[in-house]
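A short write-up of the structure that comes next.
As a basis for the values below, the full set of heavy atoms in this structure was taken, side chains included, without hydrogen atoms, waters or symmetry mates. Convention: sequence-line order gives letters A, B, ...; per-chain numbering from 1.
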Amino acid sequence: MKRFNSTLGRIAIVASLVLFVVLWVGMVVAGVTGGETEYQLTTLQPQGPFSTLIDNLVAPVFIIAGVVFVGVLGAIFYIIMKYREKGDPELDLTPMPKQTHGHTAAEITWTAIPAAILAVVAVLTAVTILDLSAEEPDSVQVEVFGQQWWWGYRYDVNNDGRFDSDSDVETSTELVIPVGRPVQLSVTSNDVIHSFWIPALNGKRDAVPGMVSPWKLQADEPGVYRGQCTEFCGLSHANMRMLVRAIPAEDFDRWVADQQKPAPEPVTEAEKAGLSEWKNNCGSCHLIDGVNNQQLAENPAALVSGIAPNLTHLMSRGTFAGSIYNLHYPNKVGNDQPFGATCTRDTLADCGDPADVALAGNPDNPVYRPALEAWLRNAPAMKPMAPDQGRGMPNLGLTQDQIDVIVAYLETLK
Amino acid sequence: MTVTDAPLELTSGDEPPRRTLGVFARPTASTGWRSWFTSVDHKKIGVMYGATALFFFIIGGVEALLIRAQLWAPRGTLLNADQYNQVFTMHGTTMIFLVVMPIGAAFANYLMPLQIGARDVAFPRINAFSFWAFLAGGIFLNSSWFLGGGADGGWFMYAPNSTVTFSPSNGIDFWNIGLLITGIASLTGAVNLIVTVLNMRAPGMTLMKMPVFTWMTLVSQFLLLFAIPVLTSAQFLLLFDRNFDAAFFDVAKGGQPLLWEHLFWIFGHPEVYLMILPAFGLVSDILPVFSRKPIFGYTFIVFSGVAIGFMGWGVWAHHMFVSGIGPVSVLVFSLATMFIAVPTGVKILNWTATMVGGKIKLTAPMLFCIGLITMFTIGGLSGVTHSVAPADTQQTDTYYIVAHFHYVLFGGAFFGFMAGFYFYWPKVFGYLLNEKLGKANFWLMFVGFNLTFGPMHVLGLQGMSRRIYTYDAGYGFEFWNRLATIGAFLLASSIALFIFNIFYSKSKAKNLPNPGPDPWDARTIEWMIPSPTPVYNFDPVPTVERLDDFWYRKYGETEDGRLVRIASTEEVTQSAEGEHNVHLPSPSYWPLVAAIGLPIIGWGLIFTWWLCLIGGLLTAGALYAWALEPPDDPEAGHDHHPHEGSAPEGEVAVSDAETDEAGADREVETVG
């Protein structure tokens, strides 16, 4: 029985150690490969110059840490195997090992060596911190403002250092940027502390109320880049996502020109009815440029943050509600042409699963009405919010007829 | 030690007529369940700290399992967003303030006086009050579950998200006032333990002859002494913002949210070190026992601990690298943080060197020590990776950080505590924990721990944010979350095995002989005395000549480092037999009563003012009565006869004039 127990024990110990090694090897493999390319939040596959700067710093630090990790753990394992008391541990331990109390030279050595390694890391770190905080010339200036639980953006189009001139552009939920050009962000918040983070393009920067913090982004390739609010900001923190669309420079200029326009007038009866319903039900918080500017200027939204997402060009966005739902059909997996390759209303089968929000909706595709309608029917059921405390959108109690006309109107907001 | 005589005479000269008070008569029982409520014995208080912390550990553990169950798959539905936010807030708060800190306090209370050869701590009644205040704070904090829900702002409680506008429920008030109460407990405890270490050491025990655990207790209590007031001041700002319409964190009225961040982390980072240092101390004392060698580089081990204590104050803003404090601040704190890794690395290498050339006995406590060294190494290395500020802008507030600090606090502190539990169990309870179960306990915990927190490194690097109740499929989170959840339940089962071992070993112990004073062939003087520790600790108090004094009473060392047995263990240990005329502080109701008043004030602040009055009167009255009550019951202490009832021989208190080693063994009690 005793022998059986000790065999079983030995198997368990070896199994534990093997599991430990397998786990860590698996993790290192996952880390080195950076996961699959569709893992849009990974920090391990930089897609812009700033995230690459960080990655170039992280890689040697991880290598050093890995060497120390293997070295120290390996040494400890070796020492234990070599010096462990073999046989029955209950036996007397005499003769005792040689007694050593310390070794000053050894102490100095193993104080100096880590200090030297860290000094090298410190220099690399200092250089990178300064590089990352340098101002970029010829950058797009964007004010990023966070509030529970969505992000808004204002573009300083005329480069006058302000974000509220007439020609400036305000949008929400999705940040559109030109490829290959630095974007200088001024990050702030309208209520609590949030954190703006697009892992593929740069690290994160907190959005602190009362403070404007500089940060910057740049994407090397067109595409959709995901982010997630990383400073706990209350109830729906998990549902406060970011989405950056990087588009070619000429498309960007066209996009800005489109965004500068006010909303079009409704044409059909349904659209006209929709506008009227929208004004009654939505216009006290949301802004549609050219529709209710005056009203909101006189009576700002009765929200703690004082602002709701700007809907002027809602349909130019692929996602809504903090990018947790698709507003349009996404492209299918593998169809990685980001902004232009489209499916049509007749060929929805060519689109991806619209409920799969990891496949971001493509604004050129048809509107995914079920999500939008469900939102209008009962928004707090779609995303935890606290509308009775002025934080988030209430259930407006709309009828299906009201929803139909409002959606008809919203669909005109290209 | 002579300082005590005057106050003792002063107070005991005025004897209130307690006998006439009936049920309010000063308690005298030192055994039986009632004695626990009035005891001022550091050992009973230590045990109560430990038991209470383990109870809260189970609560915090259940909260952790809820979190892991929720994250088992994308879009989990076990908890809603609000519940999840409460659960992770209370998990962190519970584990830090009600588990890791009090377990450190448990060891410090029970063990440190024994390691320095003291009869008790400097202020025994304050010690009892510290414990009861901690328990009161813990109960108060958790009463929120039944009174409208727990706090939902995260354990770091960043303003303004923690103000009434954004969290109108009472949860954060419970958090705030609860931690103010446990803060009182920590502060009084810190003063007590510092005074004890500095004033009550056995004759001959200079600072550099103290066991490492005592050293680390000293350092961590100093950290506590200076860190808690910073948290307290921040909490008062929050209290005024929430309860009295102040605007310290309201930007619209000129407030500044970063003020909270700075204050919180000026407390928060020393807090990390004061949680880990006691475990470092335990390992430094246990490792040599099972390596059969002295600790390698005692001086370096001690001073690296002290260095960590000092440097720990200069790194707080590494929690704020992304908060917008500017590149110069980021740079300074980044470099400071890197270099705090140096003394930490020194400790790890010294522990490793202690094992080199030894005869390593892989007992359960030794396994847990090795667990600490290896797992803490991982936590330390991941710590270095985010001391690199630009890297931290990617890693902070992701699961990578969650992995890091669990490797530090669970893999570090808690493995150290487990080593301490297995090692000191016979000294405290008079029976050994089963070794086989102990080893199984270690391996299960080792596997469960790594499976739980290892995958979080990958999750964080793949971009999984902290504190999110839900995540979507398609980001590569599913597999690693699943592993972590499996690991969490394994980890929980290892705790269940530990608890089973306690009861199993106790039931088996009836048929086994007492393990004796020194079951491990240990080194420090707490192993000279019988197991379980007699109520008077030492009789007589030993005169300490060198580090590891007890060891060198058993063994001599030749010039070339060979050990020679010079005395049998029986010859140099103390016996519980015979007369032990030791004078001990008397029990008291007042610490308990004073502590009971505190949460009542708290409930009053939240619900209705007249409760404040009741609680305030209770606490103030108890403090008043306490002030009038002499530290020692004159009727019990100076009568030269036992208490009425059947107190065992060993607990007979007699005049302090009769003790043998001139003054050294008299407890110092001045105002306590």
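- For B/Pro288, no part lies under 4.5 angstrom from a heavy atom of chain A.
- Proximity of a side-chain donor or acceptor of A/Glu85 to a complementary backbone N or O of B/Leu362 within less than 3.5 Å is not detected.
- Contacts between A/Ser133 and chain B at a heavy-atom distance below 4.5 Å involve the side chain alone, from C-beta outward.
- With hydrogens and angles disregarded, a donor-acceptor distance shorter than 3.5 Å links the side chain of B/Ser465 to the backbone of A/Cys229.
- Of the atoms belonging to B/Val447, it is side-chain heavy atoms, and not backbone ones, that fall under 4.5 Å from chain A.
- Only the side chain of B/Glu261 comes within less than 4.5 Å of a heavy atom in chain A; its backbone stays farther off.
- Taking both residues in full, the closest heavy atoms of A/Ser213 and B/Gly324 are given as OG-CA, 3.9 Å, listed atom of the first, atom of the second, then distance.
- Per-residue heavy-atom pair counts under 4.5 Å with chain A were compared for B/Gly154, B/Pro168, B/Ala389, B/Ala353, and the maximum is reached by B/Pro168.
- Using a 4.5 Å cut-off between heavy atoms, B/Thr396 touches chain A through backbone and side chain atoms alike.
- Ring centers of A/Phe232 and B/Phe88: under 6.0 Å apart, within the cut-off.
- A/Leu132 touches chain B through its side chain: at least one heavy atom from C-beta onward sits under 4.5 Å away, while N, CA, C and O do not.
- Heavy atoms closer than 4.5 Å to chain A are found nowhere in B/Phe249, neither backbone nor side chain.
- Neither the backbone nor the side chain of A/Leu53 comes within less than 4.5 Å of any heavy atom of chain B.
- Using a 4.5 Å cut-off between heavy atoms, A/Met211 contacts chain B through its side chain alone, with no backbone atom that close.
- Among the candidates B/Ile378, B/Val328, B/Val330, B/Asp250, the residue making the largest number of heavy-atom pairs closer than 4.5 Å to chain A is B/Ile378.
- Shown here are the ring pair (Phe, Tyr, Trp, His ring centres under 6.0 Å) partners of B/Tyr400, two or more places apart in sequence or in another chain: B/His386, B/His457.
- Most heavy-atom pairs under 4.5 Å with chain B, from the set A/Met27, A/Gln99, A/Arg391, A/Met240: that is A/Gln99.
- No donor-acceptor distance shorter than 3.5 angstrom exists from the side chain of A/Lys98 to the backbone of B/Gly561, with no hydrogens or angles considered.
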Let's go through A/Leu124 and B/Val388 carefully: what are the C-alpha distance in whole Å and the side-chain angles of both, what is the deciding distance for side-chain contact (heavy atoms from CB on, under 4.5 Å) to 0.1 Å, and is it a yes or a no?
CA-CA 9 Å; A/Leu124 296 173; B/Val388 176; over 6 Å; no
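- Using a 4.5 Å cut-off between heavy atoms, A/Leu57 contacts chain B through its side chain alone, with no backbone atom that close.
- Using modelled atom types, one side-chain atom of A/Thr43 and one backbone atom of B/Leu461 make a donor-acceptor pair closer than 3.5 Å.
- The contact between A/Val357 and chain B is made by backbone and side chain atoms together, counting heavy-atom distances below 4.5 Å.
- Ranked by non-hydrogen atom pairs under 4.5 Å with chain A, the options B/Met464, B/Arg562, B/Arg565 are led by B/Arg562.
- The greatest number of non-hydrogen atom pairs below 4.5 Å with chain A, out of B/Asp82, B/Leu349, B/Thr354, is found for B/Leu349.
- B/Asp152 touches chain A through its backbone: at least one of N, CA, C or O sits under 4.5 Å from a heavy atom, while the side chain does not.
- Using a 4.5 Å cut-off between heavy atoms, B/Ser323 contacts chain A through both its backbone and its side chain.
- How far CZ of A/Arg226 is from OH of B/Tyr475: 3.5 Å, rounded to the nearest 0.5 Å.
- Between A/Phe20 and the choices B/Trp443, B/Phe449, B/Phe446, the ring pair (Phe, Tyr, Trp, His ring centres under 6.0 Å) rule is met once, by B/Phe446.
- Of the atoms belonging to A/Ala12, not a single heavy atom falls under 4.5 Å from chain B.
- Side chains of B/Tyr469 and A/Asn239: a donor on one and an acceptor on the other come within 3.5 Å.
- Distance check: A/Thr125 OG1 to B/Leu331 CG gives 8.5 Å after rounding to the nearest 0.5 Å.
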Run the side-chain contact (heavy atoms from CB on, under 4.5 Å) test on B/Thr398 and A/Trp197 for me, step by step, so that the C-alpha distance in whole Å, both residues' side-chain angles and the decisive distance to 0.1 Å come before the verdict.
CA-CA 11 Å; B/Thr398 69; A/Trp197 184 37; 3.5 Å; yes
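- Chosen from A/Ala386, A/Pro384, A/Ala207, A/Pro114, the residue pairing most often with chain B at heavy-atom distances under 4.5 Å is A/Pro384.
- Note on A/Asp356, A/Leu73, A/Val212, A/Val61: by heavy-atom pairs under 4.5 Å with chain B, the leading option is A/Leu73.
- The two residues A/Gly234 and B/Asn161 make their nearest non-hydrogen contact at N-ND2, 3.5 Å.
- A/Lys82 contributes atom NZ, which lies 13.5 Å from atom CE of B/Met355 (distance to the nearest 0.5 angstrom).
- B/Ala473 touches chain A through its backbone: at least one of N, CA, C or O sits under 4.5 Å from a heavy atom, while the side chain does not.
- In this structure, the portions of A/Leu118 lying under 4.5 Å from any heavy atom of chain B include both its backbone and its side chain.
- Your options are B/Trp351, B/Phe300, B/Phe321, and the one with the most heavy-atom pairs under 4.5 Å with chain A is B/Phe300.
- Heavy atoms closer than 4.5 Å to chain A are found in both the backbone and the side chain of B/Arg467.
- In this structure, A/Trp110 has its ring center under 6.0 Å from that of B/Phe296.
- Most heavy-atom pairs under 4.5 Å with chain B: of the set A/His103, A/Arg205, A/Arg241, A/Gln228, this distinction falls to A/Arg205.
- Residue A/Val208 touches chain B through its side chain alone, counting heavy-atom pairs closer than 4.5 Å.
- Proximity to chain A is limited to the side chain of B/Val251, based on heavy atoms less than 4.5 angstrom apart.
- Interatomic distance, CE of B/Met366 versus CZ of A/Arg84, reported as 12.5 Å (0.5 Å rounding).
- For B/Ile348, the part lying near chain A is the side chain, with the backbone staying farther off; criterion is any non-hydrogen pair under 4.5 Å.
- Rounding to the nearest 0.5 angstrom, the gap separating the CG atom in A/Leu235 from the CG atom in B/Asn80 is 8.0 Å.
- The shortest heavy-atom contact between B/Met338 and A/Val121 is CE-CG1, 4.0 Å.
- Only the side chain of B/Ser334 comes within contact range of chain A, with heavy atoms under 4.5 Å apart.
- Comparing B/Gly380, B/Gly345, B/Gly454 by how many heavy-atom pairs each has under 4.5 Å with chain A, the most go to B/Gly454.
- Heavy atoms only, all atoms of each residue included: B/Pro160 and A/Ile193 are closest at CD-CG1, 4.2 Å.
- Formation of a donor-acceptor pair under 3.5 Å by the B/Gln394 side chain with backbone atoms of A/Thr42 is not found in this model.
- The most heavy-atom pairs under 4.5 Å with chain B, out of A/Gln148, A/Glu231, A/Gln389, come from A/Glu231.
- With a 4.5 angstrom heavy-atom cutoff, B/Tyr84 does not touch chain A via any of its atoms.
- The OH atom of A/Tyr78 sits 14.0 Å away from atom OG1 of B/Thr352, with the distance rounded to the nearest 0.5 Å.
- With a 4.5 angstrom heavy-atom cutoff, B/Ala252 does not touch chain A via any of its atoms.
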